[in-house]
Amino acid sequence: MSNIAFNSALGAAQSDADQQKVSSNNLGASSDAAPTTDTSSAPASSASTTSSTNTSMTDTFLTLFVAEVQNQDPTSPTDPSEYISQLSSMAQVAMSEEMSVQMNTNAILLSNLQVMALGNMVGDTIMVQTTSMQVSDGEIQGRLTLDDAASSVTLHFTDEAGADYSVELGTQSPGTVDFDINPADYGIPPGDYEVSVVTDTGESEVPIEVQGTVEDVRIPLNGDSPVLNVSGVGEVPFIMISQFGGADSDTAQA
């Protein structure tokens, strides 16, 4: 906006405010004898204020825009292209706000659908990627994935005290390696363990997946992603699910 037009807009706005003030005073003077009004309708006024706030930016722009057009200097009118530029900018801002609101709405809807889907998984068998396990008397079914062939692949279980229990898986080709082990056969007592893989090729951070049953789904109060409580594993983020359903039926015996 030009300085002349902007100052004129401010002057017009001030004039409107003065007129509203005079009207308000006259109204107050004429209502001295009127009965007292019940203030219980105040919340409606509050709701109107909230609704008005949502469109205040657009209303302010349009008010100033009209004032600029009405109060421009006749001897030096504003270039029409400037008006077009202002309207275009306002349209882009309004569109961006609308897209932002729509994206937030879609995100909330997607999150709700996600939670509902996860809730329906209670009792289902899945496979999750993990580096820790809760060993019990039951068998442990899972798989690991190798990048390279190895003549020696060992699965290690390490408890909180540092005691290490190893399970030899022998020579393996690149790709997935299924395992089905009974902890008692390797002297692994029930408890919580960190699990890792060691190969003779020195391959590190080998992905390990374990089969378990979804016992419950917990939604953190801080807004984080839902957490699954999987038997034999414990709590894991839902993003760690690697397969819906159990391991292949031809799981290799360790």
Side-chain angles (χ1 to χ4, degrees), residues 103-147 153-169 172 175-199 203-254:
M103 290 177 63
N104 289 337
T105 302
N106 291 340
I108 294 173
L109 177 60
L110 180 61
S111 177
N112 291 339
L113 292 175
Q114 183 184 79
V115 170
M116 293 176 61
L118 291 175
N120 291 331
M121 289 179 58
V122 174
D124 291 349
T125 299
I126 62 173
M127 296 193 71
V128 295
Q129 185 174 339
T130 184
T131 57
S132 62
M133 294 183 58
Q134 296 174 342
V135 175
S136 62
D137 295 331
E139 292 188 346
I140 301 174
Q141 291 181 309
R143 63 179 172 228
L144 52 91
T145 304
L146 298 175
D147 290 334
V153 179
T154 307
L155 194 60
H156 286 269
F157 292 81
T158 307
D159 64 16
E160 295 179 352
D164 183 78
Y165 303 86
S166 60
V167 177
E168 296 292 339
L169 300 180
Q172 300 292 341
T176 59
V177 178
D178 296 326
F179 59 83
D180 185 352
I181 64 177
N182 186 341
D185 294 341
Y186 301 90
I188 306 175
D192 296 332
Y193 293 85
E194 293 294 322
V195 60
S196 60
V197 176
V198 175
T199 69
E203 190 171 336
S204 61
E205 298 182 358
V206 176
I208 302 173
E209 302 166 73
V210 178
Q211 176 177 310
T213 301
V214 179
E215 297 181 341
D216 58 66
V217 178
R218 182 172 62 84
I219 304 173
L221 297 179
N222 60 2
D224 288 346
S225 299
V227 176
L228 306 178
N229 185 12
V230 182
S231 61
V233 180
E235 290 193 339
V236 294
F238 80 95
I239 59 175
M240 300 307 291
I241 297 175
S242 60
Q243 179 176 316
F244 296 94
D248 296 338
S249 57
D250 60 347
T251 299
Q253 297 292 324

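Atom set for the values below is all heavy atoms of this structure, side chains included, hydrogens, waters and symmetry mates excluded. Numbers for residues simply follow the sequence, beginning at 1.
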Taking distance alone, no hydrogens or angles, what donor-acceptor pairs closer than 3.5 Å link side-chain atoms of residues 187-199 to residues at least two apart or in another chain?
{"from": "Tyr193", "atom 1": "OH", "to": "Pro189", "atom 2": "O", "distance (Å)": "2.6"}
{"from": "Thr199", "atom 1": "OG1", "to": "Thr201", "atom 2": "N", "distance (Å)": "3.4"}
{"from": "Thr199", "atom 1": "OG1", "to": "Thr201", "atom 2": "OG1", "distance (Å)": "2.9"}
{"from": "Thr199", "atom 1": "OG1", "to": "Gly202", "atom 2": "N", "distance (Å)": "3.4"}
{"from": "Thr199", "atom 1": "OG1", "to": "Glu203", "atom 2": "N", "distance (Å)": "3.1"}

Nearest atoms (heavy-atom pairs only) where [X] meets [Y]:
X	Y	answer
Pro183	Gly138	CD-O, 3.2 Å
Phe179	Leu144	CE2-N, 4.2 Å
Val233	Ser132	CG1-O, 4.0 Å

Got [X] and [Y] here, is their nearest side-chain heavy-atom distance under 4.5 Å?
X	Y	value
Val206	Val153	no
Phe157	Ile140	yes
Ile181	Tyr186	yes
Val210	Val230	no

Looking at residues at least two apart in the chain, or sitting in another chain, which of them share a side chain to side chain donor-acceptor pair (under 3.5 Å) with [X]?
X	answer
Thr145	none
Glu209	Arg143, Ser242
Thr158	Asp164
Asn222	Asp224

Please confirm whether the backbone N or O of Ser231 pairs with a side-chain atom of Thr213, one donor and one acceptor, at under 3.5 Å?
no
For residues 119-129, tabulate all N or O donor-acceptor pairs below 3.5 Å that involve a side-chain atom, not counting sequence neighbours.
{"from": "Asn120", "atom 1": "ND2", "to": "Met116", "atom 2": "O", "distance (Å)": "3.3"}

Identify, with sequence neighbours excluded, every residue that meets salt bridge (Lys or Arg N to Asp or Glu O under 4.0 Å) alongside Glu235.
Arg218
Approximate separation, where rounding is to 0.5 Å, of Met240 CE and Thr131 OG1
7.5 Å
What pairs with Ala184 under side chain to side chain contact (heavy atoms under 4.5 Å, CB included), at least two apart in sequence or on another chain?
Asn182
